[in-house]
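Worksheet: one structure, shown below.
The shown structure was predicted, so the numbers you read here are calculated from the model rather than taken from an experiment.
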Amino acid sequence: MATEAEAGELLHRRGWRKAFTATEMVEAWAALVGAIERGYAHDIYEYTNDLYSRNWLHEAWLLLDDHIVQLLTPRIKALDDRYKAATVDDDGQALDRIHRLPGPDLWWWRRHPRILTGDLGDELRAAGAIGREPDMS
């Protein structure tokens, strides 16, 4: 089992662009979830890049010390629940038409934002996604 720094270094050696910490990536996941809840305004490339924060957490969980996992799991579970509420499960059909999906155990790749806005909304709609416009009230 590894500390946050050790896990970050190991994942960096496995190909991640830098040695992130679990705390950094939880914050990145939180930022993405919040943006999706409001209506994600960036394009597909930014969106898929942002989704990789959850991939990092998935990989790190197998490496991290138990006490770190126990400390961060409630926050990640709450963020995962918010993400599920703010997205539509289409088994990745729309996103897969635009970006090759990673492994089937990465459930967050098989969902798209419920609110379709901006470039991402246009791209997902063109790929068959069904969602709603942002609430402007």
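- Here the straight-line distance linking atom CE of Met25 with atom CD1 of Ile76 works out to 10.5 Å at 0.5 Å rounding.
- In this structure, Asp91 CG and Arg110 CZ are separated by 6.0 Å, a value rounded to the nearest 0.5 Å.
- Distance check, rounded to the nearest 0.5 Å: OG1 of Thr48 to CG of Leu101 gives 10.0 Å.
- Contact annotation: the side chain of Glu59 approaches that of Trp16 to within less than 4.5 Å [non-hydrogen atoms, C-beta and beyond].
- One distance of note links CH2 of Trp29 with CH2 of Trp108; it measures 7.5 Å at 0.5 Å rounding.
- Listed here is the closest heavy atom pair of Ala19 and Glu9: CB-OE2, 3.3 Å.
- Rounding to the nearest 0.5 Å places CZ of Arg82 at 10.5 Å from CG of Leu32.
- Residues Trp109 and His99 come closest through the heavy atom pair CZ3-CD2, 3.5 Å.
- Between Leu57 and Val26, the closest heavy-atom pair is CD2-CG2, 3.8 Å.
- For the pair Arg97 and Glu123, the salt-bridge criterion is not met [side-chain N within less than 4.0 Å of a carboxylate O].
- Salt bridge status for Asp80 with Lys84: absent, with no side-chain N to carboxylate O gap under 4.0 Å.
- Judged by distance alone, the side chain of Tyr40 and the main-chain N or O of Tyr47 form a donor-acceptor pair under 3.5 Å.
- When all heavy atoms are compared, the tightest approach of Pro113 to Ile36 is CB-CG2, 4.0 Å.
- At least one donor-acceptor pair closer than 3.5 Å links the side chain of Asp65 to the backbone N or O of Ala2.
- In terms of hydrophobic clustering, with Ile, Leu, Val, Met, Phe, Trp and Tyr side chains grouped at heavy-atom distances under 4.5 Å, Trp61 and Met1 are assigned to different clusters.
- At a threshold of 4.5 Å between side-chain heavy atoms, the hydrophobic network of Ile, Leu, Val, Met, Phe, Trp and Tyr places Leu71 and Leu64 in two separate groups.
- Closest non-hydrogen pair, Leu116 versus Gly131, comes out as CD1-N, 3.5 Å.
- Note on Ile115: it does not cluster hydrophobically with Ile44, by side-chain heavy-atom contacts below 4.5 Å among ILVMFWY residues.
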